[in-house]
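Encoded as structure tokens, the structure appears first; notes follow it.
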Amino acid sequence: MIKHNYKSQGNKGLFDEQYTIERLSEIGNPLERIRKVIDFELFRNLIEEKLLNKDKKNNAGAKPYDVIMMFKILILQRYYGLGDKQVEYQILDRLSFKKFLGLESGDKVPDEKTIWLFRENLTKKGVIELLFKQFIGFLESKNLIFNEGKLIDASFTVAPRQRNTREENEKIKKGEGNDLWNDQPNKKKHKEIDARWTKKNGEKYYGYKNHTKVDTKSKFIDKYAVTDASVHDSQPLNDLLTEKDKGQDLHADSAYTGEDQKKMINKYEMNNKVHEKGYRNNPLTDEQKKQNREKSRIRARVEHVFGFMEQSMNGLIVKSVGIDRAKGIIGLINLTYNLFRYEQVVRLNIFQSK
């Protein structure tokens, strides 16, 4: 019998970790790329101001984990679509995660409860929306919010389906869900009463909607709103538009053609580029169809945003309970998208002439 010789394994060399890092970089490590272009210290003052106890009289007790490292863990979760336990495991297991967080192999890693509590505190104190706005300010300082047109659209964010009785679902629909399971507090805290069912193009969805306003040229999300899935796409339009939008083109699909929406667009003095809609006894003319096709070339850019979220960020999903937590997670999804979009803009020298 021929004895074959194979490459040796199980022996750790002095430069093995460095080789692994270099190889990850060659293949394409998105975490290394984003770490090179974004200084996360940008967010430190805001997070520390909102979360840390400034009235503490001494240094007794356990020291907290660094807030920037914790924030970066939340970004990892949103980019890779990981739950709290999963992200703890992956940080322990993956060299690229450790390097992104500034951890060495012997450093202690926050457990799933610590990660959950950090996100919970950010959500309850409204910090996520403030962080999103802060990064928009950063993008504006780099002249990357061009304000030469806006795209409005909404995407479903799926929530875990509930197993309720018909009577329980009826009460939830009526807005009386808070009256349920009062004698079972442990069960109640795991019950979703804010998410809703809806149907679109023959498919049913359960959860929430991420309503976004996107800068047409740069494809950064510059404002967002969160509702349950049953709310019509056009309803939060007033929450998305601002005085800064005056004079710009507004592109959206035909869901935004109602009279109330037209009044809102006129209120902000925007150029209405919303797709026109045909009706049974009043179909679109050939000229209207042609105009819609021209509008589609620009409006399609918003699909690039949701496409990145669905493919690169493993989908729009919330695994939390309640609309307040959903708002926090969807805010983090939108912020994570903007962070990675910025890395792409820098790496590919997009808008270099600006």
In terms of the angle between their ring planes, are Y342 and F138 parallel, tilted or perpendicular, with boundaries placed at 30° and 60°?
perpendicular

With distance as the sole criterion, is a donor-acceptor pair present between the side chains of Q235 and D260 under 3.5 Å?
no

So, H275 and S296: side-chain donor and acceptor under 3.5 Å apart, yes or no?
yes

Side-chain donor-acceptor contact under 3.5 Å, R347 with Q344
no

Counting only heavy atoms not in N169, do more than 12 sit closer than 6.0 Å to its CG atom?
yes

Neighbour count above 12 (heavy atom, 6.0 Å) for K72 NZ:
yes

Is the Lys NZ or Arg CZ of K200 less than 6.0 Å from the centre of Y205's six-membered ring, within 45° of the axis?
no

Give me the atom names and distance for the closest heavy-atom approach of F306 to N210.
CZ-O, 4.1 Å

In the single-linkage hydrophobic clustering (I, L, V, M, F, W, Y; side-chain heavy atoms under 4.5 Å), do L240 and I221 co-cluster?
no

Parallel, tilted or perpendicular: which one describes the rings of F40 and F100, with boundaries at 30° and 60°?
perpendicular

Any idea how Y224 and F132 line up, ring-wise: parallel (<30°), tilted (30 to 60°), or perpendicular (>60°)?
perpendicular

Judged by atom type as modelled, is there a donor-acceptor pair below 3.5 Å linking the side chain of K273 to the main-chain atoms of D249?
no

